[in-house]
Amino acid sequence: MENSFFLPKGTEGRKKNIMVLHIQGLILIVVLIIMLSSSLGIIGRTVLSEVVYRSGILDPGAEQELTELMQSGNMYALMTYTYEPSPAVKLFQNAMKVWSVLGYIVTFASLAGAIYLVILMKKRIAMILDDPAPLENPVRVKKGAFVWLGFLLGAYGGHLFAMKKKKAWIYLGLGILGIWIPIFFFYTSGISFADAFLACFIEKDAYGFIEMEDYPHWL
């Protein structure tokens, strides 16, 4: 059962808390991806609106009408001119408004969700650190290297290379494969973030080392 995907049923204590922490890390990555996508969507909406309005694609007659008024020299008509958007422009404007509202709702909701998940992860880490039972399979590793590699290159097994684990090569392969199949990248990113976040709160010794539990399961 040592290399099984899930923690054996009925397991309690530190390992179960690590499993829960990993799940929270995976959910956090999904929420962050949603937040990033919605934020980019808001920027994309602004750029699209500018391009469409400036190009006059939806209502080319409006620009022509203004040009004719300017060429006619009728300043009164030009000053009192009121633009009446075409049905296509009105439809586009309404669509952009809906897109904008939904974009902001999703962005702020996902931001709130991310903050909530980080709080939950911090509480779960406290439960792991407060567990009085000794580590079953402790691995001594440099705290700085583990944390930075976990946050920056954890999706490619960076933190596992610091622990000198063979699983690091599998993470490296999954991270590279994740370029084409995102679910693999989400998985390695979520697990590594959870591990690195946990390591942040473990006290290092005089030589800068910490002891991490060698968690053998995939979730």
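Source: prediction; values computed, not measured.
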Undergrad: Where the side chain of Glu213 meets the backbone of Asn137, is there a donor-acceptor pair that is under 3.5 Å apart?
TA: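 Yes, because the side chain of Glu213 sits within donor-acceptor range (under 3.5 Å) of the backbone of Asn137.
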Undergrad: Should Met19 and Ile27 be counted in the same cluster of Ile, Leu, Val, Met, Phe, Trp and Tyr side chains packed under 4.5 Å apart?
TA: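 They do share one cluster, since a chain of ILVMFWY contacts under 4.5 Å joins Met19 to Ile27.
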Undergrad: Identify, with sequence neighbours excluded, every residue that meets ring pair (Phe, Tyr, Trp, His ring centres under 6.0 Å) alongside Phe201.
TA: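 If we apply the ring pair (Phe, Tyr, Trp, His ring centres under 6.0 Å) test to Phe201, skipping adjacent residues, the hits are Phe197.
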Undergrad: Please report the interatomic distance CE(Met127) to NZ(Lys122), rounded to the nearest 0.5 Å.
TA: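 It comes to 12.5 Å.
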Undergrad: Sorted by first residue and then second, give each ring pair (Phe, Tyr, Trp, His ring centres under 6.0 Å) pair with at least one member in residues 126-153; sequence neighbours left out.
TA: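 Passing the test, one end in residues 126-153: Phe146-His159, Phe151-Phe193.
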Undergrad: Take a 6.0 Å sphere around CD1 of Ile179 and say whether it holds more than 12 heavy atoms from other residues, nucleotides or ligands.
TA: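 Yes, the 6.0 Å shell around CD1 holds more than 12 heavy atoms from other groups.
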Undergrad: Rounded to the nearest 0.5 Å, how far apart are OH of Tyr171 and OG1 of Thr188?
TA: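 If we round to the nearest 0.5 Å, Tyr171:OH and Thr188:OG1 are 7.0 Å apart.
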Undergrad: Distance check, rounded to the nearest 0.5 Å: Met35 atom CE versus Leu40 atom CG?
TA: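 Atom-to-atom, Met35:CE and Leu40:CG are 10.5 Å apart.
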Undergrad: Counting heavy atoms not belonging to Lys167, are there more than 12 under 6.0 Å from its NZ?
TA: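 More than 12 within 6.0 Å, yes.
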Undergrad: Given side chains that start at C-beta, do those of Tyr207 and Arg140 come closer than 4.5 Å, heavy atoms only?
TA: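 SC-SC contact between Tyr207 and Arg140 confirmed.
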Undergrad: What's the verdict on side chain to side chain contact (heavy atoms under 4.5 Å, CB included) for Leu26 and His22, showing C-alpha distance, side-chain angles and the deciding distance?
TA: CA-CA 6 Å; Leu26 292 171; His22 284 170; 5.6 Å; no
Undergrad: Quick check: do Leu174 and Ile170 have side-chain heavy atoms less than 4.5 Å from each other?
TA: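 Answer yes - side chains close enough.
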Undergrad: Kindly compute the distance separating CD (Glu211) from NZ (Lys143), expressed to the nearest 0.5 Å.
TA: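 Here the rounded value is 13.5 Å.
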Undergrad: Do Leu198 and Leu129 have side chains that get closer than 4.5 Å, going by heavy atoms?
TA: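 A side-chain contact exists here, since the closest heavy-atom pair is under 4.5 Å.
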Undergrad: How far does CZ of Arg124 sit from CD1 of Ile128, to the nearest 0.5 angstrom?
TA: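 Rounded to the nearest 0.5 Å, the CZ-CD1 separation comes out at 7.5 Å.
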Undergrad: Using side-chain heavy atoms (C-beta onward) and a distance below 4.5 Å, is Leu48 in contact with Trp99?
TA: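 A side-chain contact under 4.5 Å exists here.
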Undergrad: Below 4.0 angstrom, N of the basic side chain to O of the carboxylate: do Asp214 and Lys165 qualify?
TA: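 Yes, Asp214 and Lys165 are salt-bridged.
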Undergrad: Could you tell me how the ring of Phe108 sits relative to the ring of Tyr104: parallel (under 30°), tilted (30 to 60°) or perpendicular (over 60°)?
TA: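 It falls in the parallel class, under 30°.
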Undergrad: Kindly say whether Met96 contributes a backbone atom to a donor-acceptor pair with the side chain of Ser100 at under 3.5 angstrom?
TA: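 Looks like no, no N/O pair under 3.5 Å.
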Undergrad: Phe6 and Trp218: aromatic ring centres closer than 6.0 Å?
TA: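 Judged by ring-centre distance (under 6.0 Å), Phe6 and Trp218 do not meet the cut-off.
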Undergrad: Would a 4.5 Å heavy-atom cut-off, applied to side chains only, mark Trp169 and Phe161 as touching?
TA: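 Yes, side chains in contact.
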Undergrad: Contact between His217 and Tyr215 at the side-chain level, heavy atoms closer than 4.5 Å - yes or no?
TA: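 Yes. Closest side-chain heavy atoms under 4.5 Å.
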Undergrad: Could you tell me whether Arg14 and Glu136 make a salt bridge, using a distance below 4.0 angstrom between a side-chain N and a carboxylate O?
TA: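 Salt bridge flag = no for Glu136 with Arg14.
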Undergrad: Look up atom NZ in Lys204 and atom CD1 in Ile210, then write down how far apart they are to the nearest 0.5 Å.
TA: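 If we round to the nearest 0.5 Å, Lys204:NZ and Ile210:CD1 are 10.0 Å apart.
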Undergrad: Would you check if Trp180 and Ile176 make a side-chain contact, meaning some heavy-atom pair closer than 4.5 Å?
TA: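 Trp180 reaches Ile176 side chain to side chain.
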Undergrad: Do Leu7 and Leu219 make a side-chain contact, defined as non-hydrogen atoms from C-beta onward lying under 4.5 Å apart?
TA: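 SC-SC contact between Leu7 and Leu219 ruled out.
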